[in-house]
> 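This structure is in structure tokens; I'll ask about it shortly.
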Amino acid sequence: MADISANFLGIKSPNPFWLASAPPTDKKYNVLRAFEAGWGGVVWKTLGSQVKNVSSRYSAVDFNGTRAMGFNNIELISDRPLDINLKEIAECIRLFPDRAMIVSLMADNDKKSWHELIKKVEDTGAHGLELNFGCPHGMTERGMGAAVGQDPEIACMVVEWVMEAATIPVITKLTPNVHSVVPTGKSVVKAGTNALSLINTIQSVTGIDLDTLVPNPNVGGKSVFGGYCGPAVKPIALKMLTTIAQDDTTNKVPISGIGGISTWKDAVEFMLLGASNVQVCTAAMKYGFRIIEDMCEGMSNWMDEKGFATINDFIGKSVPTITHWEDLDINFHVIAKINQDKCIHCGLCYIACEDGSHQSINLAYGKPYNTYTVKEQECVGCNLCKIVCPVDDCITMEVHRKGDEYLNWKEFQRRGLPLNDH
Amino acid sequence: MAITNNRLSKDQYEQNFSDIHPPFETHNAALVEANRCLFCYDAPCTKSCPTGINVPKFIKQITTDNIKGSAHTIFVSNIMGAGCSKVCPVEKLCEGACVYNLMEEEAIPIAKLQRYSTEKAMQNNWQLFQRKPSTGKKVAIVGAGPAGLSCAHVLSREGIDVTIYEKESKGGGLMTYGIAAYKVTPQFCEDEVNYITSIGGIEIKYNQELGKNLPAGRQGISLTDLQKNYDAVYLGIGVGVARQLDIPGEELEGVVDAISFIYDLRAKGYPVVPVGDKVAVIGMGMTAIDAATQAKRLGAKEVTLVYRRTEKEKPCTQVELDIAKLDGCEIIWLAAPKEVRGDNGKVSQLICSIMKLGEPDASGRRSPVDTGETFSLDVDMVIKAAGQVPFEELVNSSQIKNSKGKIVIDNNCATNIKGVFAGGDAVNGGKEVVDAVQAGKDGAKAIMEYLNPQTLPK
């Protein structure tokens, strides 16, 4: 059976699944339950300045009957007294010595505050620190959280302060509320951070109550931008992760992947794009800690099927497959094929292609069932029909190369080849 | 053995005749199913609906919390969409065509979703249509059944004043008087008629029957008068009495026809309707099933359905047959009634010929052939449900061209008499409610064209 244990900067855990810094990791009670359920580690909810929370705090985006496809919060860092947090952290470490205990930090913006906080946290026996440079609400107004992460110079300065004091590994958590995560990533790596984690939540308005006309979450008739997370943000997180995994400076340090991870498959995808481990929050908030069971079992079974003995055997494997557009092979061409034996005649491929793509599907009228076939000469191989088809493997994209040789756009232009024939 | 009424307690009647297809209890429950809908293009369900309801659209509108829009989408194609959601044999129409069937998955419960939206519309009395300004044109409709009501609603929307002449004291036609009570209640039928006519411009005159020589106390109207007083006339008179068996003993006490049996049950209430201990029902159409199941539900000890062909040729759907079976009705295939025997003028036995299948007939079904052998059933009641016959005499007396009583119309729903149109069961001999609704729409369109060829509704 595959070995799914992880070693992140020397911090060992029985599996690569940590709970991200958030409400599920804000006290001993939760964390012990998480460890009992089988989580590999936790990032304790951010400690730092004194804060006061509001009510309500969360809102969500539902999609086609599924609750919370996207999730949003306006909660701040831990509002519990620091000494209680520190005491409980130490107890959790003592009770579960084989699990990873990382503590998220966001001190006031001066060196002394950071140094004092780091000293106190290290005294608990914690294995690592995560710097919260990502929180997009509440703290930014005070020059903390995303306000730090959005400015590479300030981020660099704070990391330098931290590295002066820290004796345990330091992970810097990046905010996605920037045009690119790479500048801050580079800056903090140069300043000495031992690892990066990403993404934090994305600023958002999840929706408006159409009766009160007030956006969610509603706090006494007003709302604010909240941090968006959950399955909806996964594709954005994967893209940002890839840019960090492909940059020659930032890819020198390990990356902890975060952003909408709900299943073992999501986790594997993050790891294939360069994350050494992953952090989970929204899925655990929605379903509870019990989801860890299938995450471990699913990853292990997949690794067995693919012949990966350890997680290091697949971490980063997909990073080289994401290239630049101009390096793609223009001679590669696929054409949709509809399997008539599997087709249920729903017409979704037809109308999608007709209104949304290249009018490449033929409709032969039938009552009640029409027959749909692909006009091979017209099909540009866009995948849209395959995407909308409700039947697995009914529509396949068959390779019909336009030419044998690899031909990219630069070469295509250099040769002065004819442009679009559509 | 005896035919008696009041066989059950009030609670038992209530239980036996409660809604066979209960509605969604919550919005969430409706959403789960609505969200399963794939939103097919040129959808097979829509194509399989005689009125062409845009099913994917109305279901999608449930998911977007646009229930008003959803109800409008249904009603714009089928003004009796609420009733149809309860009585349509959807297993051979929309739901039977649902693409999920091809995935070996449960079809979308289209009828139940349709009921969800339309019931909300009726309960809240949403006025989803606005009449156009009056055109000053007047149309008379004979029969406040599905065809007549559907025709009236379209015409009223277009600003035409409609008067419906109805021989019964309530509207709805067969919906009100001819369908199993566990599918639609008389109260619902009344509410539906009121909801349809709430658009305005539709007056229903009850207890007014077309024809002459009517029994005392019944007010007759003549086609000639209608032609004189209105710009056009639409005949939605439906079909009449049950087909005679033409066998000895048919006159015995205890032989009733299914239509009047169901009519009494719905018009007079369950306890007063007498039913036998042992009942034979002749036929295997929807009405036969409705009669058999309801006889059982009224307290008959044994109910036997007798049909002269095999299960393969049955006119009812499998779903209907299963209702009868689950109600405990016995079924005898390949049996044709030969004679009803009596005791003191009351039914005591049904003698049946044992049949076998011969060559296919005009309908393509194999004809039953008498084997010469017989068997007898001890029964005290025989319900005839071997089809209905049109009002041949009435139609003939008005010089309307017909085929064995079925009114003949051209492609524009017009009869041989200028300005007189017809549709529904009176023309087709008896189909589903939903077919009659479509016939009413077609009739209205034809009448609009006849009245004012320039301003056709789009």
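Chain A is the first sequence line, chain B the second, and so forth, proteins listed ahead of strands; every chain is numbered from 1.
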> Let me know if B/L38 has heavy atoms under 4.5 Å from chain A in its side chain, its backbone, both or neither.
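Contact with chain A involves both backbone and side-chain atoms of B/L38.
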> Under 6.0 Å between ring centres: does that hold for B/Y195 and B/F75?
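Aromatic pair counts; centres sit under 6.0 Å.
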> Measure A/F63 against the heavy atoms of chain B and call it side chain, backbone, both or neither at under 4.5 Å.
neither
> Name the one of B/I110, B/V319, B/N101 that satisfies side chain to side chain contact (heavy atoms under 4.5 Å, CB included) with B/E95?
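So, applying the side chain to side chain contact (heavy atoms under 4.5 Å, CB included) to B/E95 and each of B/I110, B/V319, B/N101, only B/I110 qualifies.
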> Assess B/K47 against A/Y369: is NZ or CZ under 6.0 Å from the centre of the six-membered ring, and within 45 degrees of the ring's axis?
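Because its charged atom misses either the 6.0 Å distance or the 45° angle limit, B/K47 does not stack over A/Y369.
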> Please look at B/C98 and chain A and tell me whether the side chain, the backbone, both or neither of the residue comes under 4.5 angstrom of a heavy atom of that chain.
backbone
> Just checking, B/K112 and B/F24: is the charged tip under 6.0 Å from the six-membered ring centre and within 45° of the axis?
yes
